[in-house]
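Beneath this line is the structure, given in structure tokens, with notes to follow.
The first residue in the sequence is number 1, and the count goes up from there.
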Amino acid sequence: MTYDRLVCANCAAPVSEGRCRVCRASRERMQEQGPFAGLNPAMLIALMVILVAALALLAHQAI
């Protein structure tokens, strides 16, 4: 899950803005979870499309 759509229960603001200490702590924790934790779904889809295109190009070159 990305933190750009989460709403803080403490201050009712988006977690991505980091208005309170709870927001900032949640944002830090989510960013440490992995290299793709901070990416939004659209960016992940774009990366997958690029990967599939690269694989198709390699398969075409091998023929």
Side-chain angles (χ1 to χ4, degrees):
M1 174 179 268
T2 60
Y3 66 90
D4 58 341
R5 298 192 186 266
L6 293 179
V7 176
C8 178
N10 191 43
C11 67
V15 172
S16 61
E17 292 179 7
R19 290 186 184 177
C20 70
R21 62 181 177 84
V22 176
C23 291
R24 289 188 292 273
S26 295
R27 186 174 58 187
E28 290 292 324
R29 188 182 75 241
M30 291 187 81
Q31 287 177 344
E32 292 174 357
Q33 287 181 353
F36 299 112
L39 294 178
N40 61 10
M43 189 60 115
L44 290 173
I45 290 171
L47 287 173
M48 290 298 295
V49 168
I50 291 170
L51 178 64
V52 168
L55 288 174
L57 183 63
L58 285 174
H60 180 69
Q61 293 292 329
I63 294 177

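Between Val15 and Val7 the shortest heavy-atom distance is CG2-C, 4.1 Å. Arg24 approaches Arg19 most closely through the heavy-atom pair NH1-O, 3.3 Å. The shortest non-hydrogen separation linking Glu17 to Ala13 is OE1-CB, 4.4 Å.
Grouped with Leu58 in a hydrophobic cluster is no other residue, since no side-chain heavy-atom contact under 4.5 Å to another Ile, Leu, Val, Met, Phe, Trp or Tyr is found.
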Inset, instruction - Begin with the C-alpha distance, continue with both residues' side-chain angles, and end with the deciding distance and a verdict on side-chain contact (heavy atoms from CB on, under 4.5 Å) for Cys8 and Cys20. - result: CA-CA 9 Å; Cys8 178; Cys20 70; 3.8 Å; yes
